Amino acid sequence: MILVIAAELENLSVIRHFIREAATALRLSPAAIDDVELAVDELATNIICHGYNGQPGDIEVEVKANGEAVEIYLRDQAPLFDPTLRPEPDLTAPLEERPIGGLGVHLARQLTDTLTYRPSAKGGNELLLTKKIDSSSPLTEEIPHGNHN
Amino acid sequence: MEITTEQIQTPSVTILRLNGDLDGSNFREVMKKAKELYEAGSRHLLIDMSQVPFMSSAGLVALHNTALLYGGKEQLDVENGWGALKATASAGEAGMQGQVKLLNPTARVVKALDQTGMLSFFSVYEDRAAALASF
């Protein structure tokens, strides 16, 4: 299943809907579907905001099964950039000392089994996310209660 | 996303109610509305997230920024976005600091906050009356 769509923030909801439909068809669990929906949204947002940086372009999203995993490819023609090289953020810093933003790739890593990058054969970028069909992120079934009152 | 507000007089609390997915397409609207409320004198903000089925890290940016705003700290310039930081006019002065709390965030919102280490920065309430009484 392939979706090609303009790299615009208004299309994020269309991409999420496509991911949910495709992942459901490939028998990912509801929790795992939630995970890949957010992971793809984060990476697509990065492509739109930082890759194309306001310039027009397309994002190609391909979802397919590979054995016991679902593979999701995100391809674009933006300048070459490998988001997997981004260092992990410091999640222990106080709120006022943290940089605002920069958490999208961290979430994408957390929510998928693998996240890999390579320059695409067409000259742009290609990200591959995989999610095992029976897996979900560790916190999916046990929602934390943190500072609840 | 639909954004509505409700002003409670006693105690003085502004409820910011979000309805819809919170993502990169609309997080600036939330930041802008919070800034308008703060500049109009609001110091106690309760964000009702019971109708937010999906939130990306862009939503985390909006919450982080709003917490800094109400805390009188530096925040993102809403108009210029990611790169630009500017301080609030009277950052840190007595009487300028306020509080931001969350009401009934959905499980996915709580999970995103938790996975980024941000959950502990917000008091989270499941009961509106208890939330209002906490300010």
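Per chain, numbering begins at 1; letters A, B, ... match sequence-line order. Because the structure is a prediction, the values reported are computed rather than measured.
Both the backbone and the side chain of A:Leu95 come within contact range of chain B, with heavy atoms under 4.5 Å apart. Proximity to chain B is absent for every atom of A:Ala44, based on heavy atoms less than 4.5 angstrom apart. Contact of A:Arg16 with chain B is made through the side chain alone, with heavy-atom distances under 4.5 Å. Using a 4.5 Å cut-off between heavy atoms, A:Pro94 touches chain B through its backbone atoms (N, CA, C, O) alone.
Counted by atom type alone, A:Glu42 and B:Ser57 present one or more donor-acceptor pairs between their side chains at under 3.5 Å.
Put simply, the side chain of A:Asp34 does not reach to within 4.5 Å of the side chain of B:Phe54, judged on heavy atoms. The closest side-chain heavy-atom distance from B:Met118 to A:Leu103 is below 4.5 Å.
Of the residues considered (B:Ala67, B:Gly24, B:Ser134), B:Gly24 shows the highest number of contacts with chain A, using heavy-atom pairs under 4.5 Å.
The CG atom of A:Leu9 sits 9.5 Å away from the CG atom of B:Asn26 when rounded to the nearest 0.5 Å. For the atom pair B:Asp21 CG and A:Glu37 CD, the distance stands at 7.0 Å (nearest 0.5 Å). B:Asn65 contributes atom CG, which lies 4.5 Å from atom CD1 of A:Ile100 (distance to the nearest 0.5 angstrom).
Using modelled atom types, no side-chain atom of B:His64 and backbone atom of A:Glu96 make a donor-acceptor pair closer than 3.5 Å.
Salt bridge annotation for B:Lys111-A:Asp35: present, with a cationic side-chain nitrogen under 4.0 angstrom from a carboxylate oxygen.
Residues A:Ile5 and A:Leu74 are members of one and the same hydrophobic cluster, defined by side-chain heavy-atom contacts under 4.5 angstrom among Ile, Leu, Val, Met, Phe, Trp and Tyr. By the criterion of side-chain heavy atoms lying less than 4.5 angstrom apart, applied directly or through intervening Ile, Leu, Val, Met, Phe, Trp or Tyr residues, A:Leu129 is grouped together with A:Phe18 in one hydrophobic cluster. A single hydrophobic cluster is not seen to contain both A:Phe81 and A:Ile47; linkage of ILVMFWY side chains at heavy-atom distances under 4.5 Å, directly or through other members, places them apart. Criterion: ILVMFWY side-chain heavy atoms under 4.5 Å apart, direct or through other members. Under it, A:Ile59 and A:Leu3 are part of a common hydrophobic cluster. A chain of hydrophobic side-chain contacts below 4.5 Å, direct or via other Ile, Leu, Val, Met, Phe, Trp or Tyr residues, connects B:Met1 to B:Ile47.
Among all heavy-atom pairs drawn from B:Ser56 and A:Leu38, the shortest one is CA-CD1, 3.6 Å.
Heavy atoms from other residues, nucleotides or ligands lying under 6.0 Å from CD of A:Glu68 number 12 at most. By the 6.0 Å contact criterion, CZ on A:Arg109 is enclosed, its count of non-hydrogen atoms from other residues, nucleotides or ligands being greater than 12.
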- Begin from the C-alpha positions of A:Thr45 and B:Asp23 and carry the test side chain to side chain contact (heavy atoms under 4.5 Å, CB included) through to its verdict. CA-CA 9 Å; A:Thr45 300; B:Asp23 65 11; over 6 Å; no
- Item | Evaluation steps, salt bridge (charged side-chain N to carboxylate O under 4.0 Å, His left out), between B:Lys73 and A:Glu97 | CA-CA 10 Å; B:Lys73 305 290 195 314; A:Glu97 292 178 13; over 6 Å; no
